[in-house]
Colleague: 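I'd like to ask you about the structure that follows.
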Amino acid sequence: MRFYRALLLSSVAILSAPALAIAQATDPDVRAESALKQMTQDEKLQLVFGYFSTEAPWMSFHVPVGGLPDSAGFVPGISRLNIPPQWETDAGIGVATQRSPTPRERTALPSGLATAATWNADLAFQGGAMIGHEARMSGFNVMLAGGVNLARDPRNGRNFEYGGEDPLLAGTIVGQQIKGIQSNHIISTLKHFAFNDQSTSQDHLNSHIGDAAARTSDLLAFQIAYEVGDPGSVMCSYNIIHGDYGCENTWLLSDVLKTDWGFKGYVMTDWGATHSTVKAANSGLDQQSGYPFGGQNYFSAPLKAAIAAGQVSQARLDDMVRRNLRAMYANGLMDDPVSGDQAAKLDLTKDAQISQADAEDAIVLLKNEGLLPLTKSAKRIAIIGGHADVGVLSGGGSSQVYPLGGSVVPNEGPDAFPGPMVWYPSSPMKGIVARTSAKITFASGKDLKAAARLAKSNDLVLVFATQWSAEGMDQSDLTLPKNQDALIEAVAKANKNTVVVLETGDPVTMPWLDKVGAVVEAWFPGTNGGEALARVLTGEVNPSGHLPITFPASLDQLPRPALDGGAHGGDKIYIANYDIEGAAVGYKWFDKQNLKPLFPFGYGLSYTTFEMSDFIPEDVTPQGLIMRFSVKNTGAVTGKEVAQIYVSGTGWEAPKRLGGFAKLELAPGETKSARITIDPRLMATFDPSSKTWTVAEGDYGVLLAAASDDVRQSVKVHLSKMVFDVRGRLAR
Ligand code: GLC
């Protein structure tokens with residue numbers, strides 16, 4: 001290292017003064033320092049205090065001057081120093097609008113869980129780049145995306161916004177989305193840091209989990225997403241962790257995020273998640289967001305007073321400001337400033353194609369006994385339920401994106417937050433009609449007898465079932481709501497050629513599974529979700545989604561069959577004892593407990609078949625174990641396979657962990673080989689005292705699979721002991 005520093009200094013020495021000045025002009029740390037030095041105390045305080053940016057009469061609050069209406073947040077800028085305001089929009093599937101009679105009409109990606117079901121990092125990046133562009137063209141320079149909380153509980157109402165149950169898959173997909181968003185010279189967040197894994201009683205829920213288990217589960221997902229996406233900001237969470245709220249938690253914000261991982265951006269709160277001035281500032285919080293949510297202006301006058309009183313150091317305030325500025329410089333907010341509402345220039349048709357490509361890769365074929373793709377022989381097809389005649393469902397809450405023309409199904413679901421329930425005007429039925437010559441008849445499914453009669457009089461039935469998920473509410477169980485199980489039973493009884501199409505935010509049970517011929521999980525498929533479904537169901541596209549979350553057979557398979565928490569509100573603090581499963585989240589729990597789920601993590605069928613071969617360890621480097629393998633398309637149509645590599649070791653939280661994955665598109669008969677490097681942290685145990693990852697000397701199982709329960713090849717690899725630092729760099 002000394003050599004490199006000498007080389008650097010010598011090169012700097014020969015730079016002429018102007019060149020040095022130019023050199024400095026590109027370094028965000030140097031630029032942040034320079035701006036900081038010129039700021040008054042009040043200007044510094046202005047940068048660490050953010051406002052809501054939507055009319056809120058119930059809080060006697062009006063959009064601040066300069067804020068964009070009906071949007072998430074606004075932080076005034078400092079024009080004399082060329083520091084722009086921060087215009088903040090939600091969220092992870094596109095440019096959301098807070099509740100408004102005139103919402104912005106923008107493109108919605110499929111849900112985050114759907115994008116995770118693609119196992120396609122490139123698509124995740126492209127989707128992020130698209131929504132980040134729409135955010136920029138709508139006047140926003142901060143996008144509150146990057147939700148990566150692990151699916152510890154399949155009932156979590158916000159699982160649809162995140163990346164599923166595995167740290168590597170979730171961290172990779174969400175990290176790529178953050179990278180895509182920031183490619184537009186705007187800031188993306190990473191959220192909600194951390195263990196905010198359910199909504200029920202979230203601000204009265206005290207999450208307990210050991211340090212090692214934390215680092216190899218939720219925190220590993222955040223760490224991977226941070227390394228892949230390099231977010232300008234991290235949003236701390238509503239819940240309590242080991243007794244301290246997420247936004248005043250020194251262990252999370254200062255020790256883990258800033259010291260261990262080296263995060264140089266800024267920590268903003270969730271809206272209303274600030275609980276103090278001194279404790280929060282000294283724990284590592286850098287910006288209060290969304291005032292007047294939370295009720296108090298902790299980081300405005302009270303912070304000024306706390307600094308004057310010596311309770312918070314000037315150095316801490318300067319660090320907050322430096323971090324804000326650095327993230328803004330590093331992401332181009334000064335050099336490539338947004339220029340107000342340019343939405344009229346957006347090509348929403350083109351953007352919708354990007355959303356559709358994501359949806360087509362996300363749809364998971366769970367069962368198929370010859371009914372799909374829709375055969376030409378089906379002359380009469382009944383389509384029943386799920387408003388499939390007009391559109392597809394989306395998730396609710398702060399991430400709500402409104403479509404062109406508004407929701408195509410009005411007045412379903414709650415009107416108040418997290419409603420309204422929004423349906424995108426992309427009709428699966430319309431897409432199918434355009435692609436088959438069959439006679440197609442629709443029924444709403446509200447009248448079970450009528451649905452059964454219609455099913456009986458047709459060659460084949462597509463029954464659509466939906467489950468709405470939304471922020472602030474968890475599913476009470478895993479059952480399809482609105483008596484849809486009975487509808488499916490009635491239809492399947494009337495016609496055995498029944499295909500079930502699910503549009504859900506979470507896993508659901510399927511008591512009718514043995515009675516139907518095919519099942520497809522389409523998640524919340526986004527702006528062009530109907531088109532995507534039609535193309536998959538008719539075979540124009542071969543389904544290639546694989547489950548990013550386990551579908552349990554029943555609640556009693558879960559670590560906590562009864563959801564933690566209790567009646568909303570009140571002062572009681574509930575415990576979420578995540579030490580029950582520790583890092584054994586999702587499939588790891590099922591493996592450890594030897595439980596058989598309804599459908600396992602990583603599962604997904606195709607209209608073709610694949611073979612995997614030549615699975616060999618190629619090398620061991622400081623970057624990890626390199627495995628090589630081949631995949632062949634042994635069927636008659638082009639398709640994409642998700643090759644999954646699992647690793648197994650001794651003394652781990654569960655029998656195996658996902659160590660790597662790759663999605664390969666193959667023509668009939670085509671073979672492709674690929675290499676995957678397995679991050680050493682995925683083959684290690686974490687030691688909290690030394691903060692190191694140790695790969696113990698010994699034999700490891702390395703499995704090449706098409707699902708977590710479908711291992712195609714396995715090898716034993718002997719590794720010598722290796723120790724890595726907290727960031728996964730070889731220490732010795
Ligand atoms: C919400 C959400 C967060 C969102 C923020 C702004 O309560 O928890 O994800 O970005 O507030 O709307």
Colleague: Could you pull out the closest heavy-atom pair between Pro548 and Gly163, with the gap in Å?
Modeller: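 Nearest pair, atom of Pro548 first, then Gly163: CB-O, 4.3 Å.
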Colleague: With a 4.5 Å heavy-atom cut-off, do Arg535 and Gln356 have their side chains touching?
Modeller: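 Of all side-chain heavy-atom pairs linking Gln356 with Arg535, at least one is under 4.5 Å.
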Colleague: Mind checking what makes ring-ring contact (aromatic ring centres under 6.0 Å, His included) contact with Phe661, not counting sequence neighbours?
Modeller: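 Scan of Phe661 (ring-ring contact (aromatic ring centres under 6.0 Å, His included), adjacent residues dropped) gives Trp119.
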Colleague: Measure across Gly505 and Gln467 and return the closest heavy-atom pair with its distance rounded to 0.1 Å.
Modeller: N-OE1, 3.1 Å
Colleague: Might you point out which heavy atoms bring Thr509 and Leu598 nearest each other, and give the distance in Å?
Modeller: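 That would be CA-CD2, 4.0 Å.
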Colleague: For Thr97 and Arg104, indicate whether the former's side chain and the latter's backbone hold a donor-acceptor pair under 3.5 Å.
Modeller: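 Side chain of Thr97 to backbone of Arg104, a donor-acceptor pair under 3.5 Å: yes, one is there.
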Colleague: Do the side-chain N and O atoms of Ser138 and Arg106 include a donor-acceptor pair separated by under 3.5 angstrom?
Modeller: yes
Colleague: Please check: side-chain N/O of Glu165 versus main-chain N/O of Tyr587, any donor-acceptor pairing under 3.5 Å?
Modeller: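 Side chain of Glu165 to backbone of Tyr587, a donor-acceptor pair under 3.5 Å: yes, one is there.
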Colleague: Within the 4.5 Å heavy-atom criterion, are Val95 and Phe140 side-chain neighbours or not?
Modeller: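 Answer yes - side chains close enough.
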Colleague: Taking atom types as modelled and ignoring hydrogens, do the side chains of Ser394 and Gln400 form a donor-acceptor contact shorter than 3.5 angstrom?
Modeller: yes
Colleague: Roughly how far, to the nearest 0.5 Å, is the CE atom of Met429 from the CG atom of Leu537?
Modeller: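 So the CG of Leu537 and the CE of Met429 are separated by 13.5 Å.
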Colleague: Please name the residue in the list Val536, Leu372, Asn542 that meets the side-chain contact (heavy atoms from CB on, under 4.5 Å) test with Leu365.
Modeller: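 Going through Val536, Leu372, Asn542 one by one, the side-chain contact (heavy atoms from CB on, under 4.5 Å) with Leu365 is satisfied by Leu372 alone.
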Colleague: Where do Val499 and Leu460 come nearest, in terms of heavy atoms and distance?
Modeller: CG2-CD2, 4.4 Å
Colleague: What are the two closest heavy atoms between Glu471 and Ser399, and how far apart are they?
Modeller: OE1-N, 4.5 Å
Colleague: Go through the side-chain N and O atoms of Tyr238 and Asp270 and say whether any donor and acceptor fall under 3.5 Å apart.
Modeller: yes
Colleague: Rounded to the nearest 0.5 Å, what separates atom CG in Asp90 from atom CH2 in Trp271?
Modeller: 7.0 Å
Colleague: Checking side-chain polar atoms at under 3.5 Å, does Ser606 have a donor or acceptor matched by the opposite partner on Glu641?
Modeller: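 Side-chain D/A pair, Ser606 to Glu641: absent.
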Colleague: Return the set of residues passing side-chain hydrogen bond (donor to acceptor under 3.5 Å, both in side chains) with Arg453 (not counting sequence neighbours), or none when no residue passes.
Modeller: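 side-chain hydrogen bond (donor to acceptor under 3.5 Å, both in side chains) check on Arg453 returns nothing, list empty.
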Colleague: So does Asp564 pair up with Arg152, basic N to acidic O under 4.0 Å?
Modeller: no
Colleague: Please step through salt bridge (charged side-chain N to carboxylate O under 4.0 Å, His left out) for the pair Arg99 and Asp415, ending with a clear verdict.
Modeller: CA-CA 10 Å; Arg99 296 179 55 68; Asp415 185 44; 3.5 Å; yes
Colleague: From the options Asn458, Asp389, Ile432, Leu462, select the one residue that forms a side-chain contact (heavy atoms from CB on, under 4.5 Å) with Ile440.
Modeller: Ile432
Colleague: Tell me every residue that passes side chain to side chain contact (heavy atoms under 4.5 Å, CB included) with Gln484, counting only those two or more places apart in sequence or in another chain.
Modeller: Ala465, Thr466, Leu480, Pro481, Lys482
Colleague: Going from OG on Ser100 to CD on Glu55, what distance comes out if it is rounded to the nearest 0.5 angstrom?
Modeller: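 Reported to 0.5 Å precision, the distance equals 10.5 Å.
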Colleague: Using modelled atom types and a 3.5 Å cut-off, is there a donor and acceptor pairing between side-chain atoms of Asn528 and backbone atoms of Glu531?
Modeller: no
Colleague: So, Lys515 versus Thr498: side-chain donor-acceptor pair below 3.5 Å or not?
Modeller: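 No.
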Colleague: Mind checking what makes side chain to side chain contact (heavy atoms under 4.5 Å, CB included) contact with Pro600, not counting sequence neighbours?
Modeller: Pro597, Tyr603, Ser708, Asp709
Colleague: Please round to the nearest 0.5 Å and tell me the distance separating atom CG of Leu348 and atom CE of Met130.
Modeller: 9.5 Å
Colleague: Got a donor-acceptor contact below 3.5 angstrom from the Ser407 side chain to the Trp423 backbone?
Modeller: yes
Colleague: Under a 3.5 Å threshold, yes or no: a donor from one side chain and an acceptor from the other, between Tyr162 and His192?
Modeller: yes
Colleague: When you measure from the side chain of Thr54 to the backbone N and O of Ser71, does any donor-acceptor pair fall under 3.5 Å?
Modeller: yes
Colleague: Is it true that Asn159 and Asp506 share a donor-acceptor pair across their side chains at a distance under 3.5 Å?
Modeller: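 Side-chain D/A pair, Asp506 to Asn159: present.
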Colleague: For residues 551-558, which side-chain N or O atoms pair as donor and acceptor with protein atoms under 3.5 Å away, sequence neighbours left out?
Modeller:
from, atom 1, to, atom 2, distance (Å)
Ser554, OG, Asp556, OD1, 2.5
Gln557, OE1, Ala553, N, 2.8
Gln557, NE2, Lys596, O, 2.8

Colleague: Backbone N or O of Arg435 within a donor-acceptor pair of the Thr538 side chain at under 3.5 Å?
Modeller: no
Colleague: Would Asp474 and Thr200 count as having a side-chain donor-acceptor pair, cut-off 3.5 Å?
Modeller: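 A donor-acceptor contact under 3.5 Å links the two side chains.
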Colleague: Hey, is the main chain of Val637 close enough, under 3.5 Å, to the side chain of Asn633 for a donor-acceptor pair?
Modeller: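 A pair under 3.5 Å: yes.
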Colleague: Between Gln342 and Lys345, does any side-chain donor sit less than 3.5 Å from a side-chain acceptor?
Modeller: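 Yes, a side-chain donor-acceptor pair sits under 3.5 Å.
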Colleague: Under 3.5 Å, is there a donor-acceptor pair between the Ser377 and Thr375 side chains?
Modeller: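 The answer is yes; a qualifying pair exists.
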Colleague: Can you find a heavy atom in the side chain of Asp197 that is under 4.5 Å from one in the side chain of Asp153?
Modeller: no
Colleague: To the nearest 0.5 Å, what is the distance between OG (Ser544) and CD1 (Ile363)?
Modeller: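 The CD1 atom of Ile363 is 9.0 Å from OG of Ser544, to the nearest 0.5 Å.
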Colleague: Can you confirm whether Asn156 sits close enough to Ser199 that some side-chain heavy atom of one is under 4.5 Å from a side-chain heavy atom of the other?
Modeller: yes
Colleague: With a 4.0 Å cut-off, would you call Lys449 and Asp447 a salt bridge?
Modeller: no
Colleague: Shortest non-hydrogen contact from Lys430 to Ser427?
Modeller: N-OG, 2.8 Å
Colleague: Given side-chain contact (heavy atoms from CB on, under 4.5 Å), test Phe160 with Ile93 step by step and report yes or no.
Modeller: CA-CA 10 Å; Phe160 79 93; Ile93 64 164; 5.6 Å; no
Colleague: Assess the side chains of Gln198 and Gln202: does a donor N or O sit below 3.5 Å from an acceptor N or O?
Modeller: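 The answer is no; no qualifying pair exists.
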Colleague: Enumerate the ring pair (Phe, Tyr, Trp, His ring centres under 6.0 Å) contacts for residues 468-499, please, sequence neighbours excluded, ordered by first and then second residue.
Modeller: none
Colleague: Quick check for you: to the nearest 0.5 Å, what is the distance between His387 atom NE2 and Phe464 atom CZ?
Modeller: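 Atom-to-atom, His387:NE2 and Phe464:CZ are 12.5 Å apart.
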Colleague: Test Phe601 against Ile549 for side-chain contact (heavy atoms from CB on, under 4.5 Å), laying out the working first.
Modeller: CA-CA 5 Å; Phe601 176 81; Ile549 188 170; 5.9 Å; no
Colleague: Would you say the side-chain atoms of Asp361 and Thr118 include a donor-acceptor pair closer than 3.5 Å?
Modeller: no
Colleague: Under the criterion side-chain contact (heavy atoms from CB on, under 4.5 Å), I'd like the reasoning laid out for Arg158 against Asn149: C-alpha separation, chi angles, the key distance, then a yes or no.
Modeller: CA-CA 9 Å; Arg158 298 192 78 176; Asn149 296 91; over 6 Å; no
Colleague: Should Asp459 and Lys439 count as an ion pair when the cut-off is N to O under 4.0 Å?
Modeller: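 Between Lys439 and Asp459 there is no salt bridge, as every charged N stays at least 4.0 Å from the carboxylate O atoms.
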Colleague: Quick one about Glu665 and Thr638 (side-chain donor to acceptor, distance below 3.5 Å, no hydrogens or angles considered), yes or no?
Modeller: no
Colleague: Please check if the side chain of Ser111 supplies one atom and the backbone of Trp523 the other of a donor-acceptor pair under 3.5 Å.
Modeller: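 Side chain of Ser111 to backbone of Trp523: no pair is present.
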Colleague: Is there a donor-acceptor contact under 3.5 Å from the side chain of Lys496 to the main chain of Val516?
Modeller: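 Such a contact is absent between Lys496 side chain and Val516 backbone.
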Colleague: Side-chain donor-acceptor pair under 3.5 Å between Thr115 and Gln177, yes or no?
Modeller: no
